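A short worksheet on the structure shown next.
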Amino acid sequence: MFDALRQAFQEAVQNFRTELNRDQVPEAADALIRTMERELVEARVILDRLEKELEETRKEAAREEEELRACLRREELARRIGDAETEEVARSFAARHLQRKDVLEDKIRVLERELADRRGEVEEMTGQLKGARTRREAMAAQAGRAGARGR
């Protein structure tokens, strides 16, 4: 009689562990999916920030281009009237605007590359999240079927 009681107790403990582990799998999967969702949101925030920064840099480069053209026009006008000092000042400012425009164009190229990389990462993360959700649903259904069979 004592052996039968011990055997029943061991089965109850084993069933308890099985049920406990069955519930942990979906919980762990849910935690992983929540983490993936947070990372995807963070990646999208970075993507938005990069897009805004790229837009602002393009505007700034266009302003530098306008300033460069204005300085070159001033230099030409000063040359026509024979004002060497104004011509030199205009040339100096034109050189500064040209240098700044070149730096901004380099920055634009780098931001475009980073943006392309980040977009690829977001697409990949989105696909992985969809797959994880699909697998999670399949695991939950499988656990539910196993639980039903056990009952």
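In this text the structure is predicted, and so the values were computed from the model without any measurement.
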For Q99, check side-chain contact (heavy atoms from CB on, under 4.5 Å) against everything at least two apart and list the hits.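 Residues passing side-chain contact (heavy atoms from CB on, under 4.5 Å) with Q99: none at all.
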
Can you tell which of E75, E85, E76 makes a salt bridge (Lys or Arg N to Asp or Glu O under 4.0 Å) with R91?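 The salt bridge (Lys or Arg N to Asp or Glu O under 4.0 Å) with R91 is passed solely by E75 among E75, E85, E76.
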
Testing M36, E39, E123, R133 for side chain to side chain contact (heavy atoms under 4.5 Å, CB included) with Q128, which one passes?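 Filter result, single survivor: M36.
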
Can you check whether [X] reaches [Y] side chain to side chain, under 4.5 Å on heavy atoms?
X: V110; Y: D106; value: no
X: E56; Y: E53; value: no
X: E105; Y: R100; value: no
X: V41; Y: E37; value: no
X: K52; Y: L47; value: no

R63, CZ: over 12 other non-hydrogen atoms inside 6.0 angstrom: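 Yes.
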
Quick test of your reading of the model: are [X] and [Y] salt-bridged, counting only N-O distances below 4.0 Å?
X: E67; Y: R96; result: no
X: E65; Y: R69; result: yes
X: R79; Y: E88; result: no

For E114 and R118, run salt bridge (Lys or Arg N to Asp or Glu O under 4.0 Å): C-alpha distance rounded to whole Å, both residues' side-chain angles, the deciding distance at 0.1 Å, then the answer. CA-CA 6 Å; E114 184 176 5; R118 296 285 182 154; 3.6 Å; yes

Who are the salt bridge (charged side-chain N to carboxylate O under 4.0 Å, His left out) partners of E55, not counting sequence neighbours?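 Scan of E55 (salt bridge (charged side-chain N to carboxylate O under 4.0 Å, His left out), adjacent residues dropped) gives K59.
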
Worked verdict on D83 versus E87 for side-chain contact (heavy atoms from CB on, under 4.5 Å): CA-CA 6 Å; D83 186 353; E87 183 180 350; over 6 Å; no

